[in-house]
Number of protein chains: 2
Amino acid sequence: MPPKARVIPLKPPRDPAATKVRVLDAAEALFMEHGFEATSLRAITAAAEANLAAVNYHFGSKEELFQAVLTRRLDPMNQARVELLTRLEAGAGSRPISCERILMALLIPPLKLARDPERGGKDFLRLLGRAYADPAPFIRRFLSEQYAVMIARFKAAFARALPRLPRKELSWRLHFIMGALSYTLAGTDALKLIAELNPHESTNDEILLRRLAPFLLAGLEAPLPDLSAVTRELDGELGKTA
Amino acid sequence: MPPKARVIPLKPPRDPAATKVRVLDAAEALFMEHGFEATSLRAITAAAEANLAAVNYHFGSKEELFQAVLTRRLDPMNQARVELLTRLEAGAGSRPISCERILMALLIPPLKLARDPERGGKDFLRLLGRAYADPAPFIRRFLSEQYAVMIARFKAAFARALPRLPRKELSWRLHFIMGALSYTLAGTDALKLIAELNPHESTNDEILLRRLAPFLLAGLEAPLPDLSAVTRELDGELGKTA
DNA sequence: GTAGGCTTCAAACAAACGTTTGAATGACGA
DNA sequence: TCGTCATTCAAACGTTTGTTTGAAGCCTAC
């Protein structure tokens, strides 16, 4: 009898950084399900079948692990957005490209990410949408760094497509667009505020974005607000209410 | 120097439930700043100058405290929305009221809440926007109960104003509207994704909503998506990207 | 006054947290 | 074969968490 008291080892097949990926996957799933604060390193390492110390060894801290989880999918997604836009612009020559196409370049990469059957998928977008609203400074810093160049790029493109729209108005509308997008991706089946979104469709992000795109496009091209008129209406209602 | 070692007692002027309100106020501020999980009961009671046990005594648990914080402002706000809508409908007689007015009934109460100089104000809306994206089951249950009747009421009103819009499409668009609204109210100065929103305006939620309303209105009244056309466009881009 | 109710308080509870440590493990090159 | 390096591991670190406890305080009503 060979003295193999411990049965197991069985050749872990020479897989460098395997633990790191397993931890990353487990963390993504759990952060998505419970949020950052409510997810413990013990739960993550248990799900990843790794040692508790693995997180601090491979990533340094829980915060850095969270950033790694986000970066792994966010970075390629934003890069894809910019590349898509660049390709559209190149194809259009010197003519400005339509709002609709620019919007597509913004929406398609997250859509593709959502459809990715590989681990993550649309669940990751929920995590992302939640991160948008998180007050933790390290998350905010991280996200604004991640998005800065992409947003600037798209703002410039929209500005060319909508030359009559003041820059400040455009900034606001881009803000609203990112809001509706992230909220929609984050919420979906979570809050059943609007009941009759049937489950088949709500899982189908393709249809979702096909409904979102016209909505956002119309908002983007909306006429400038008649501030004085709105003011009157607003004050009227506010007065009546007060 | 008078021997005022402990300055305080000074007749706490017979104020029943004063502690409860102080705790509520402190909790609101701290939840807003750090989120639910990241805020400890010790921090709350310290800020409220109350005993640690006060929370469990007056509210039962941390979760129930959080719900109490939300209810205190959410309940009147949604009630105001419904009342405003009811008044508009009453004033219009049998004629349908315009989308714009319905939208105003939806947007004005949170605006008023944001302008309220009294404690809370717009900071509370940040807290609310964050709660929307929170995965904790007790928050989700609470919010959907809070919003159910109001949303149903507004959906019916919009359906009358937009008779040609399919109900399902309307549901989606209402979802997008709530998303853009909550995200905008939650984010504002938080994420500096869109940089050039000048500080004067970003503190002025009135102007914010005057920009948001036309955007949402246009989206709401957008033409129905030509699904087949969008499909082709989408698939084209997706193919090129893949 | 004195009983009885809410309310406050200091103290302690067990549990869970993120992080650190120092030794074991295993593979690879000298 | 040995030494070296990166990785894994069990165990413990010191905090901090939400909640509970039982006594003390205080006002009202009898």
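Please read all numbers here as calculations on a predicted model, not as lab measurements.
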*N/O donor-acceptor pair under 3.5 Å between B:R81 side chain and B:P109 backbone*: no
_Please verify the inter-ring angle class for A:F138 with A:F66; under 30° counts as parallel, over 60° as perpendicular, anything in between as tilted._
perpendicular
*Fit a plane to each ring of B:F31 and B:F36, take the angle between them on a 0 to 90° scale, and name the class: parallel (under 30°), tilted (30 to 60°) or perpendicular (over 60°).*
tilted
Would you kindly give the [atom1]-to-[atom2] distance between [X] and [N], to the nearest whole Å?
X	N	atom1	atom2	result
B:E37	C:dA16	CD	C1'	13 Å
A:H34	C:dC17	NE2	C1'	16 Å
B:L30	D:dT17	CG	P	12 Å

_Base, sugar-phosphate or nothing for B:T45? Non-hydrogen atoms, less than 4.0 Å._
nothing
*Kindly give the heavy-atom pair with the smallest separation between A:L65 and A:A27, and that separation in Å.*
CD2-CB, 3.9 Å
*B:D134 to B:I139 - nearest heavy-atom pair and separation*: CG-CD1, 3.5 Å
_Using a strict heavy-atom distance below 4.0 Å, which residues from residues 50-69 of chain A are in contact with DNA chain C?_
A:L52, A:A53, A:N56, A:S61, A:K62
*Which nucleotide, C:dT8, D:dA12, D:dT19, lies nearest any side-chain atom of A:R42?*
D:dA12
_Distance test, side-chain N/O of B:S40 to OP1/OP2 of D:dT16, below 4.0 Å_ = no
_Side chain to side chain, A:F59 and A:Q67, heavy atoms closer than 4.5 Å_ = no
